[in-house]
Amino acid sequence: MMKGQELELYVHIPFCIQKCKYCDFLSAPAKRQVQNAYMEALLTEIAGKAAGCGIPDVRGELPEEGQAPVRERPVCSVFIGGGTPSAVEPAWIGRVMEALRAHFALRADAEISMEVNPGTVTRKSLRLYREFGIRRLSIGCQSADEKELRTLGRIHTFDQFLDTYRWAREAGFDNINVDLMSALPGQTIERACRSVEAMLQLDPPPEHLSVYSLIVEEGTAFCEQVQAGILTLPDEDTEREIYWRIADFLETNGYEHYEISNYAKAGCRCIHNCGYWTGREYLGFGLGAASLYGHTRFSNTDTLDTYLADPVHSAVQQETLRVQDQMAETMFLGLRMADGVSSGQFLARYGVEPTVPYRTQIASCMRDGLLRVTDAADGGTRLVLTRRGLDVSNYVFAKFL
Amino acid sequence: MASNESGSAGMKVDQSKIRNFCIVAHIDHGKSTLADRIIEKTGLLTSREMQAQVLDNMDLERERGITIKAQAVRTVYKAKDGQEYIFNLIDTPGHVDFNYEVSRSLAACDGAILVVDVAQGIEAQTLANVYLALDHNLDVFPVINKIDLPSAEPQRVIEEIEDVIGIEAQDAPLISAKNGINIEEVLEQIVQKIPAPKGDAGNPLQALIFDSLYDPYKGVIIFCRIVEGTVRKGTNIRMMATGAREEVVEVGYFGAGQFIPCEELSAGMVGYITASIKNVKDTAVGDTVTDADNPCAEPLPGYKKVQSMVYCGVYPADGAKYPDLRDALEKLQLNDASLHYEPETSIALGFGFRCGFLGLLHLEVIQERLEREYNLDLVTTAPGVIYKVYKTNGEVIELTNPSNLPDPSEIEYMEEPVVSAEIMVTSEFIGPIMELCQERRGRYLGMEYIEGTRAQLKYELPLNEIIYDFFDALKSRSRGYASFDYDLKGYEQSKLVKLDILINREEVDALSFIVHADSAYERGRKMCEKLKEEIPRHLFEIPIQAAVGGKIIARETVKAMRKDVLAKCYGGDITRKKKLLEKQKEGKKRMRQIGNVEIPQKAFMSVLKLDDRN
């Protein structure tokens, strides 16, 4: 039985073979024993949360019609991410899927994605994932250039990516995303485009591409190397040129640039990620996993031992969003997407158009050429970032907080 | 409030058993540590209660390890002759900026202990403070500190004291204040070498105000030295300079960190008076308190009125806090008579005050005290000195704010203050120090060898060349060995110009400063470079220009913001990314909006950092 509003589920698997040099995610290599203990805990958490345990008390804060037990709410997407989920024994993925199906109301057409990395999958494991019900793969390639792959600290070669991609198609995956990175140290515009071009030469090319401009995060190996002057990043002008060159190239080749770093063929947007940007509720399972339930955001502990001791009740951070916080999120998350923020939807949700609470902000951004208004399909209008607005989107977003 | 605990309160105090003294020393020679030991050994506090440096009760003093405010404490010492003596120890600051405070403290004393670091010997400030003490007719005896250092050569220092200062030093106690070695000897010498106060308790009241403090419950608390006569609860007192009258509510003396009431204060004693005085301005430090019903004939001579050397604009970061800043300055001035201020307005910064300070350290201390003790967020402009502007119409202006400089066509000529500086240095650093003085437009007057390898250099230097970072430069070019003291010599004609800064083609008055014509180009260029680093990128390009008399002499450009974007934002990141954006927004709030440009507060202090190149 399905009742209430749609819900998304995220499963975090924090293990990998070797930490990449740019990575600041909660992820590390671990022994089999630790992995097994973790996966058991994950199954416990899934069952517990489905029973309503460990979810901060959000009664009275849900929209009235959405007030349904969590296990009855229709799940429109599942995302198994990491780390490298393909680094654990494939059977565990089967058991996770089994648990999710047993405890939650997964819709028949739910998008079910999993991240895999070349060098951690085989023909056989990919066939297994397909059998377990995974429908969409997200493959971490990052670059088509061997030297760049080494600089990033990836464990695989480009040929290994090609194998992975071919095996995935052979296993029946017809919805594949490939992750790429741009603006890598020492990268020229031409070299950055070469990786993207290589994707379009695949047969068939991926349905979806994520192209991320490298962000050097504090505390990563990369950060140290940049600070020590060992690596030189492209300057801001070059970085922006690379960004727009890739965006234009992909758009002329039939990809819709639907979010700052995301491109999709018609009908192939990532439903799960769109949920994050449109304020859909989600539950996260696993170490450090974040959730939005009702109007409350909370995250699990990021300490492994604490998580293992009581995976169900491991939420540590919690923030209940007031209406103005919700509005601000609607703006700064919504504007990440090409669709922008629809004034009709904003009105339906908050009872006012965005121009009411944000009149001065919107006016000044429009005057500076950072925002523009276009027509929406529902006959209303949409507020979207201009190209210049996208370049300085943090400046725009900060205005809404 | 506790009273009569010491046993001496309530009884008539025997004047011959009182010793009012202070400790003078160069900064870091261990003055505050010795004060702690004296308090500890005389039994006012057990060592368990001792917190290092009990006299320095401002957070700031303890953090920086320097003494800013003069403080007083009374202890009782049982001497080897079996008698009990009352010690009133008045602490004094050591830094050259605080000469005025030293002078105030000395006026309350009959003698002084000179602390000399066995490793450093006599330094310029030691001399300055000793001469100040001798000027006040104080008896001075020396103490050699840090005797526990392996390199200690006390005999050399003893000879130096005798040669340079000309006071007897053969029986100077050799001590380690830090390790409590030989402190007894110091206490005995205080009894023997410092004279008891004079004065007659029966004469009309004559008391010198050497400090004051505002207390929200008691009103103004006057710190004074009773020179003649007696004051007690109920006495009608009158401040001779301000004319304010009030009835005394309480008199007492200084425990460690607390006020201890007593019956009366009589000639020779040091203590405090409260009289429900609400107006801070009524109790001028240096004024004489007398009995309104039985006044003394003449006020005490007071002491040298202090001259502010350095001026800068002080503005609240949040314009609405202007009244808070005004109140805070008023309270601080009560506590620090050397602080001057008057209201001013700036186009860039709004309402604020032009404040006068003794020197740059004094400026920094006041700034920090305003920020910490009064919780104010401040913007300060480039410090400057007082210039004299002789106009063609015969008028002379004393210029403290560069924005008020008249049009160049109306100026006949300008004068700037010049100081005579004495720099003590070991011979190996004479070259670098002379080079530094030359760079700062110094005029060489002469050099004297004090003994063996130590020399005293004499220079005349324009004050505006030494107020920023001269002291730091001196230290770094002499590996910390040079010390320096200066006196205002007078004014000299000089080729001065006003350097203006334009940001996005708008002149920012708060960034203007006066500079010698020959260094205008260099300064202007550096200022633009510095501001380019300080001003964040905006959506548009921002030219930063330096101009003299409307002519642009330097330019830098802050390029337009090209990129400010987060590539990734998924479910797990949202809270974190939101915090990042909030931080970005908070940062903007702390900036000053000038035209369309947001300028960080610290950019206004940029001129101070122009020589940071190393």
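Order of the sequence lines fixes the chain letters, A, B, ..., with proteins taken first and strands second; residue numbering starts at 1 for each chain. Below, each value reflects all heavy atoms present in this structure, side chains not excepted, and no hydrogens, waters or symmetry copies. From a predicted model like this one, the values you see are computed outputs, not experimental measurements.
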Participant: Does any heavy atom of chain B fall under 4.5 Å from the side chain of A/Tyr395, the backbone, both, or neither of them?
Facilitator: both

Participant: Which atoms form the tightest heavy-atom contact between B/Ala567 and A/Ile215, and what is the distance?
Facilitator: N-CD1, 3.6 Å

Participant: For A/Asp235, is it the side chain, the backbone, both or neither that has a heavy atom under 4.5 Å from a heavy atom of chain B?
Facilitator: neither

Participant: If we define contacts as heavy-atom pairs under 4.5 Å, which of A/Arg240, A/His272, A/Glu8, A/Arg388 has the most with chain B?
Facilitator: A/Arg240

Participant: Check whether A/Ser299 gets within reach of chain B through its side chain, its backbone, both or neither, counting any heavy atom under 4.5 Å.
Facilitator: neither

Participant: Might you point out which heavy atoms bring A/Ala398 and B/Lys585 nearest each other, and give the distance in Å?
Facilitator: O-CD, 3.1 Å

Participant: At their closest point, which heavy atom of B/Gly572 faces which heavy atom of A/Ala290, and how far apart are they?
Facilitator: CA-CB, 3.8 Å

Participant: Could A/Glu319 and B/Lys578 be called an ion pair, given the rule that one side-chain N must be under 4.0 Å from one carboxylate O?
Facilitator: yes

Participant: Strictly distance-based, threshold 3.5 Å: is any side-chain N or O of A/Tyr282 a donor or acceptor partner for the main-chain N or O of B/Gly571?
Facilitator: yes

Participant: From the options A/Leu385, A/Ile260, A/Asp391, select the one residue that forms a side chain to side chain contact (heavy atoms under 4.5 Å, CB included) with B/Val565.
Facilitator: A/Ile260

Participant: If you take all heavy atoms of B/Thr575 and A/Arg297, which pair is closest and at what distance?
Facilitator: OG1-CD, 3.6 Å

Participant: Which atoms of A/Asp24 come close to chain B, meaning under 4.5 Å heavy atom to heavy atom: side chain ones, backbone ones, both, or neither?
Facilitator: side chain

Participant: Would the number of heavy atoms belonging to other residues, nucleotides or ligands and lying under 6.0 Å from CZ of B/Phe351 be above 12?
Facilitator: no

Participant: Looking at side-chain heavy atoms only, is the closest gap between A/Leu292 and B/Ile574 below 4.5 Å?
Facilitator: no

Participant: Does this structure show an ion pair linking A/Asp237 with B/Lys559, if we count only N-O contacts that are shorter than 4.0 Å?
Facilitator: yes

Participant: On the 0 to 90° scale, with breaks at 30° and 60°, tag the B/Tyr570-A/Trp277 ring pair as parallel, tilted or perpendicular.
Facilitator: tilted

